2 protein chains.
Amino acid sequence: MTAGAAQASPRKRAGNGAARRIDADEIGLDALVGHAGYAVRRFQIWIFQDFIKTLGNVDIRPTQYSVLTVIGANPGLSQMAVAKRLGIERARLVHLLDSLEQRKLVKRVKSKADRRSHALHLTAQGEIALAKFKRLAAEHERHVEDKIGKANRERLLQILAGFT
Amino acid sequence: MTAGAAQASPRKRAGNGAARRIDADEIGLDALVGHAGYAVRRFQIWIFQDFIKTLGNVDIRPTQYSVLTVIGANPGLSQMAVAKRLGIERARLVHLLDSLEQRKLVKRVKSKADRRSHALHLTAQGEIALAKFKRLAAEHERHVEDKIGKANRERLLQILAGFT
DNA sequence: GGCAATTGTTGTCGTCAACAACAATCTTTC
DNA sequence: GAAAGATTGTTGTTGACGACAACAATTGCC
């Protein structure tokens with residue numbers, strides 16, 4: 001294999017110093033098009049931005065939502081258990097919980113069984129709030145459907161089910 | 001709708017203070033399972049880690065690879081054009097190019113047409129290096145196939161084609 | 001009882017997106 | 001042709017996030 005650059009759209013322009021304006025969408029991506037990682041990254045950015053915008057009024061970001069959801073569905077978990085389940089570092093979870101606890105959505109209860117650990121629970125206020133967050137998250141999910149199609153979203157969830 | 005928490009797996013445990021050990025994989029994700037964003041995020045983390053590992057010997061990260069690929073396929077682009085095409089902020093691209101230029105993979109040529117902008121080109125060394133990076137990236141892509149299946153990878157690229 | 005492992009915490013480092021400000025340079029408008 | 005406005009690259013700041021390392025308190029193991 002020689003040093004030849006692209007096989008797709010070489011489009012060699014003037015040797016150096018640029019020429020005319022480029023319309024930004026006529027730029028070839030070359031090898032990038034065949035890369036799943038690139039497509040997934042762009043999609044993930046889009047989907048997170050939509051989530052953040054849709055839950056903007058309640059000021060909840062995707063990671064916060066995931067923490068609240070897991071605690072809501074499994075009251076009494078330790079921080080270690082939550083971190084491991086969500087793939088978050090326990091050091092990072094400390095700050096996340098500090099914030100959620102300040103907002104009175106979560107409480108850390110000293111565990112009697114293991115005095116090192118905290119049993120995590122939603123507050124009453126936290127349960128009410130989470131119900132609202134879930135409604136907004138469902139709305140966000142409809143945006144995803146509108147964007148890629150209902151069937152494609154289903155297929156996507158199916159393909160990536162192993163990573164949850 | 002009442003304040004009731006989860007409909008899937010409530011699994012209420014002792015009022016407070018936790019009980020027995022949780023095996024970390026028996027923790028329900030509840031609403032998270034139906035969220036495309038969560039699955040996509042987890043998958044994106046996996047795929048980037050594999051990319052970084054596979055291209056570890058040559059010390060190239062996904063974003064660097066995308067920049068090199070686009071410049072290679074479209075020599076003479078301005079920083080603005082590259083940033084816009086890849087969805088990178090131009091402020092961020094400055095540092096990326098500083099690094100790539102120090103490594104003699106990319107050169108910034110002062111554009112004669114517009115003296116504000118730089119025309120971006122791969123160096124001869126950069127072209128050779130990129131060819132190698134592409135071979136390693138193809139290897140990474142095979143890892144993705146092994147993970148989710150050849151057909152699923154194709155379908156994924158198809159579903160997300162609109163985001164590239 | 002003593003030693004290793006675990007849990008929460010604090011701190012540092014590097015990546016990355018989002019902004020804001022700025023000088024140099026183009027483009028538009030009068 | 002000159003002033004006003006927009007664009008380009010650059011620098012800097014902020015905040016979310018992942019990866020690590022160290023530490024005190026506590027538990028489990030032998």
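Since this is a predicted model, take the numbers as computed values, not measurements. Convention: sequence-line order gives letters A, B, ...; per-chain numbering from 1.
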**Q.** Below 4.0 Å: OP1/OP2 of D:dA24 and any side-chain N or O of A:R115
**A.** no
(Q) From the set C:dC26, D:dC20, C:dG8, return the single nucleotide nearest to any side-chain atom of A:A91. (A) D:dC20
Q: Would you mind checking if B:E101 and B:R108 are paired as a salt bridge, meaning a charged N to carboxylate O distance below 4.0 Å?
A: yes
Q | Nearest-angstrom distance from the residue atom CZ of B:R92 to C1' of D:dT14 | A | 15 Å
Q: From the options C:dC16, C:dT9, D:dT11, select the nucleotide whose nearest atom is closest to the side chain of A:R108.
A: C:dT9
Q | Nucleotide C:dC26, atom P - distance to NZ of B:K112 in whole Å | A | 13 Å
**Q.** Side-chain touch B:V94/B:Q79, heavy atoms, less than 4.5 angstrom
**A.** yes
Q) With respect to the phosphate group of C:dC16, does any side-chain polar atom (N or O) of B:R61 fall under 4.0 Å of OP1 or OP2? A) yes
**Q.** C:dT15 OP1/OP2 closer than 4.0 Å to side-chain N/O of B:T63
**A.** no
Q) If you take atom types as modelled and just measure distance, does the side chain of A:R116 reach the base of D:dT27 with a donor-acceptor pair under 3.5 Å? A) no
Q: Considering only NZ, NE, NH1 and NH2 on the basic side and carboxylate oxygens on the acidic side, decide whether A:R142 and A:D50 come within less than 4.0 Å.
A: no
Q | Atom-pair distance (NE2 on A:H118; C1' on D:dT26), nearest Å | A | 12 Å
Q.
At less than 4.0 Å, is any side-chain N or O atom of A:R41 found next to OP1 or OP2 of C:dA17? Yes or no.
A. yes
Q: Identify the heavy atoms of A:R42 and B:F163 that sit nearest to each other, and give their distance.
A: CB-O, 3.4 Å
Q: Provide, to the nearest angstrom, the distance between the CG atom belonging to A:L86 and the C1' atom belonging to D:dC17.
A: 14 Å
Q) Got B:K147 and B:W46 here, is their nearest side-chain heavy-atom distance under 4.5 Å? A) yes
Q) With a 4.5 Å limit on heavy-atom distance, are the side chains of A:K132 and A:I128 in contact? A) no
Q.
For DNA chain C, which residues of residues 95-106 of chain A approach it to below 4.0 angstrom with any heavy atom?
A. none
Q) What is the distance, rounded to the nearest whole Å, between atom CD1 of B:I88 and atom P of C:dA18? A) 12 Å
Q. Can you tell me if CG on A:D146 sees more than 12 non-hydrogen neighbours from other groups inside 6.0 Å?
A. yes
(Q) Using a strict heavy-atom distance below 4.0 Å, which residues from residues 47-54 of chain B are in contact with DNA chain C? (A) none
Q. Does a side-chain N or O from A:Q79 land closer than 4.0 Å to OP1 or OP2 of C:dT9, or not?
A. yes
(Q) Can you measure A:Q44 atom CD to D:dC17 atom C1' for me and round it to whole angstrom units? (A) 11 Å
Q: Take the protein atom CZ of B:R85 and the nucleotide atom P of D:dT8, then report the distance between them rounded to whole Å.
A: 17 Å
Q. Can you find a pair of side-chain heavy atoms, one from A:Q158 and one from A:R155, that are under 4.5 Å apart?
A. yes
Q: Could you label the plane-to-plane angle of the A:H140 and B:H35 rings as parallel, tilted or perpendicular, counting under 30° as parallel and over 60° as perpendicular?
A: tilted
Q: Give a yes/no on whether any side-chain N or O of A:R90 is located under 4.0 angstrom from OP1 or OP2 of C:dT9.
A: no
Q. Quick one: B:K84 NZ to D:dG9 P, roughly how many Å, whole number?
A. 10 Å
Q. What residues, two or more places apart in sequence or in another chain, satisfy side-chain contact (heavy atoms from CB on, under 4.5 Å) together with A:F133?
A. A:L55, A:V58, A:I60, A:Y65, A:L68, A:L105, A:A129, A:L130
